[in-house]
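So the structure is just underneath, and the comments pick up after that.
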Amino acid sequence: MRNQAGILSAAQEMFVEQGLAAPLDEIARRAGVGNATLYRHFPGRDALLAEVVEQIAVIAADAAEEAAVHDPFVALSHFVLTVARERLAALCCLSEELVRVRPELAQHKDRLMHSVQLLLTRAQQTGQVRTDVSLEEIIVAVAQLSRPMPGVSWSATNQFSPRLLQLYLDGLITSDPV
């Protein structure tokens with residue numbers, strides 16, 4: 001179980017950093033296991049990628065559900081910043097393609113989208129967040145503002161991404177609370 005968790009963690013990092021072409025040999029090396037161990041747990045790239053995407057969808061949905069106990073805007077902000085900090089948005093774009101190949105991932109994606117929609121709706125109903133903002137706009141903004149620009153390292157992105165996301169979140173605030 002520890003090897004599998006290490007492989008998933010290394011795979012998430014590598015897929016985020018290098019995309020789908022990340023070498024499986026390098027994933028195994030980064031996880032501290034041999035290739036045979038990687039293939040014993042995951043028969044190929046698609047199985048590994050599907051497991052990583054499923055894991056991030058669950059983590060993100062859990063974060064949204066846990067945040068829901070807070071003030072609505074604080075909850076939405078907490079979710080957005082958690083997703084960015086964990087680099088989850090960088091892999092979310094892969095979920096559409098994977099859902100076509102692995103339909104069982106759809107329920108995880110649906111849970112995530114439902115949870116985030118509830119956060120947004122609550123913040124809008126209390127008058128804290130503009131009503132013209134959609135779930136899709138939140139997801140796209142988080143994905144775009146938490147990924148490195150071409151030629152920019154992850155460490156540099158980690159330094160400025162929270163500030164950019166906070167500026168975005170501040171722009172969602174309505175001036176007329178209900």
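Throughout, residue positions are numbered sequentially from 1 according to the sequence presented.
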Would a distance-only check, ignoring hydrogens and angles, find a side-chain to backbone donor-acceptor pair under 3.5 Å from Glu51 to Leu48? no
Determine whether a donor-acceptor pair (N or O, by modelled atom type, separation under 3.5 Å) exists between the side chain of Gln124 and the backbone of Val133. yes
Report the distance from atom [atom1] of [X] to atom [atom2] of [Y], rounding to the nearest 0.5 Å.
X	Y	atom1	atom2	value
Arg30	Ser9	CZ	OG	9.0 Å
Leu112	Ile56	CG	CD1	8.5 Å
Tyr168	Leu145	OH	CG	8.0 Å
Glu137	Arg130	CD	CZ	8.5 Å
Ile7	Leu24	CD1	CG	10.5 Å
Leu118	Leu76	CG	CG	11.5 Å

[X] with [Y], same ILVMFWY side-chain cluster at under 4.5 Å:
X	Y	value
Ile139	Val58	no
Leu8	Tyr39	yes
Ile173	Leu169	yes
Phe160	Leu81	yes

Determine which pairs satisfy salt bridge (Lys or Arg N to Asp or Glu O under 4.0 Å) with at least one residue from residues 65-74, sequence neighbours left out, and list them in order. Glu65-Arg111
Non-hydrogen atoms of [X] and [Y] that approach each other most closely:
X	Y	answer
Ala63	Thr82	CB-CG2, 3.9 Å
Ala141	Leu165	O-CD2, 4.3 Å
Ser146	Ser161	CA-OG, 3.2 Å
Gln128	Phe73	OE1-N, 3.1 Å
Val129	Thr174	N-CG2, 4.0 Å

Non-neighbouring partners of [X] that pass side chain to side chain contact (heavy atoms under 4.5 Å, CB included), sequence neighbours left out:
X	result
Pro23	Met14, Gln18, Glu26
His70	Val74, Ala75
Ala64	Phe79, Ser115, Val116, Leu119
Ala28	Val33, Asn35, Leu38

Dump the intermediate steps for side-chain contact (heavy atoms from CB on, under 4.5 Å) on His114 and Asp110, then the final yes or no. CA-CA 6 Å; His114 177 74; Asp110 291 345; over 6 Å; no
For Arg45, enumerate each residue passing the salt bridge (charged side-chain N to carboxylate O under 4.0 Å, His left out) test, keeping only those at least two apart in sequence or located in another chain. none
